[in-house]
Amino acid sequence: MALHDRILPSPVAVLRRLLVEASSGEMEIQVAITLARVAASFVVAMLAGTAIGIVMGARRRWDLLLDAPLLIALNMPALVIIILVFVWTGLNEFAVVLAVALNKIPSVVVSVREGARAVDSELLQVARSFALSRRTTFLRVYLPQLTPYLMAATRNGIAIIWKIVLVAELIGCSSGVGFKLGGFFQFFDIASVLAYTAVFVGLFALIEGALLRPLERRLTGWRL
Amino acid sequence: MSGFTVDIRRKRWPGPDGAIAVLQDLRLHVAEGEFVCVLGPSGCGKTTLLHIIAGLDTQYDGTLTFEKGSRPRQGVMFQTPRLMPWLGLEANLELVADAASRAAGRPASLLREAGLAGFEAATPGRVSGGMQRRAALARALVNPGALLLLDEPFVSLDAPTAIGLREVLVDVWRRERQTVLCLTHDLREALTLADRLIFLSPRPGTVVLDLPNPVTQPRDIDGVAVAAARAALLERWPELLSGIACRSD
């Protein structure tokens, strides 16, 4: 029974563990550290992926040039990228963010490239014919057409990125939820593993429900 | 000053068996404040001509010069409304309106004039095709004094909507006297709207007839004067106008 409890603790045991970790302040600190890494990686991945995706979607020459590297990057195991980045740049915050972003950038590129290909050239002609500035054309005519694709990349991105951040923390960090989970694993503390997991899943469900879905409704409601 | 002269020696499009000449030796001058209708059979290059004048097509052999030297502000209405589907109707007008137009509340007043009061915040997907066309015309008119380039603005509209839209256009033009180049298939429409009628030949399009409008103001599209002028033109140049007559009958 005791062994069974250790392998699969009851929800009450997990909740108790969660309260203990939370009351000590340790959980909040580690979750905040991981969230910061998730946020930084997400921003870098979205910015780089969007820029590359737009260029590939809008310029056939760049699409042909970068298509093979993109395919390789898409199929590169996350773990391999993490290991290589840690080896090449050292065990530091920059490496964590870079490794995670590099894992996510290819899928953002694929999504945004599709969006850039689907941009309505007739609407861009309207912008040209009324002599809108490049900035206005990009922000008010081009970007809104990419929004559904960016939202898809965002929702998918956040779900993937936090999982990859945990792997990176497990391998090369001395802080964060991934690092803590590594410690719990060594002590076979499944209740703590599940407590941290519950907090993280809950947090991202909250982000999805309270932030992303309303944002998506607001930005892409015109398509309904 | 938004008058202009376009002189196209040749404009070609790539075709399956080599380049196709769309426009050839076409010279056209439109004076400041003039309302010109360009007529021609389908496929004669009218839209290509409008795109060249609008600066949307620069791949041609020829010149385009504006009276004031540089390209003036312009308002373009395409064959389809081409409104930004994520913006409300008023926001669509504000997007292209200059600061003075916005400050004067011109987007909202033009929408009212076009019969779209109460639909300012509606996105294009929520209103009918006719209402979208009205908003597209209002957008073309939003900057006062702009060169107006209209590509068959009333084609395939039901008669009451087309009549209403023509009235909006004529009312604004009478007040502001913009330079207008309007493409149409419809000879009666051209005789109702324009100071001058330009006829293009079948492809490759070139100017084959340049006529001042014989019908005096006020003109009614269903009136006797327009019908008589149309009949006289068809009698005098039956071959030239056959393609146009087929569409307007």
Side-chain angles (χ1 to χ4, degrees), chain A residues 46 50 53-54 57-61 63-64 111-155 211-224, chain B residues 2 47-48 50-58 66 70-89 91-99 101-102 107 121-127 132 135-143 145-151 181:
Chain A
M46 287 303 290
T50 300
I54 286 174
R59 299 267 182 269
R60 184 158 167 70
R61 208 164 148 194
D63 192 28
L64 290 171
S111 184
V112 174
R113 178 174 65 174
E114 284 312 305
R117 283 174 177 165
V119 163
D120 188 342
S121 61
E122 292 195 337
L123 295 182
L124 296 178
Q125 273 192 341
V126 171
R128 272 181 70 194
S129 65
F130 282 92
L132 298 189
S133 67
R134 280 179 162 230
R135 181 187 151 85
T136 304
T137 301
F138 181 73
L139 294 177
R140 308 282 312 273
V141 180
Y142 194 91
L143 213 49
Q145 297 185 68
L146 283 188
T147 304
Y149 299 88
L150 288 172
M151 284 309 301
T154 298
R155 295 174 72 175
L211 191 70
L212 295 183
R213 283 195 187 166
L215 187 67
E216 187 171 29
R217 268 198 300 275
R218 191 189 149 102
L219 292 177
T220 65
W222 57 272
R223 299 174 90 211
L224 300 174
Chain B
S2 52
T47 296
T48 303
L50 184 131
H51 280 211
I52 287 172
I53 296 165
L56 298 174
D57 187 343
T58 54
F66 293 95
S70 60
R71 176 174 289 283
R73 278 183 312 175
Q74 61 190 28
V76 182
M77 183 177 174
F78 297 91
Q79 278 185 32
T80 51
R82 299 198 190 180
L83 299 167
M84 306 301 154
W86 52 89
L87 294 178
L89 298 184
N92 261 284
L93 270 65
E94 283 177 344
L95 175 68
V96 301
D98 58 27
S101 171
R102 281 200 299 271
T123 51
R126 307 269 182 202
V127 301
Q132 290 181 35
L137 178 63
R139 181 177 64 182
L141 294 166
V142 80
N143 291 316
L147 165 64
L148 272 186
L149 301 170
L150 312 174
D151 189 354
L181 184 89

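Chain letters run A, B, ... following the sequence lines, proteins first and then strands; every chain starts at 1. Keep in mind it's a predicted model, so treat the numbers as computed, not measured.
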Residues passing the side chain to side chain donor-acceptor pair (under 3.5 Å) test with B:E94, sequence neighbours excluded, are none
- Task: Could you tell me whether the side chain of B:M84 reaches within less than 4.5 Å of the side chain of A:V126, counting heavy atoms only?
- Result: yes
| message | I want to check something: taking the side chain as every heavy atom from C-beta on, are B:V96 and A:S129 in contact at a cut-off of under 4.5 Å? | response | no
If one checks every heavy atom of B:L87 against chain A at 4.5 Å, the contacting part turns out to be side chain
If one checks every heavy atom of B:R139 against chain A at 4.5 Å, the contacting part turns out to be both
Residues 135-145 of chain A vs chain B, non-hydrogen distance cutoff under 4.5 Å, contacting residues -> A:T136, A:R140, A:V141, A:P144, A:Q145
Bottom line for A:L123: the part with an atom under 4.5 Å from chain B's heavy atoms is both
Worksheet entry | Heavy atoms of other groups near A:R59 CZ, more than 12 under 6.0 Å | no
Heavy-atom closest pair (A:F130 atom, B:G75 atom, distance to 0.1 Å) is CE2-CA, 3.6 Å
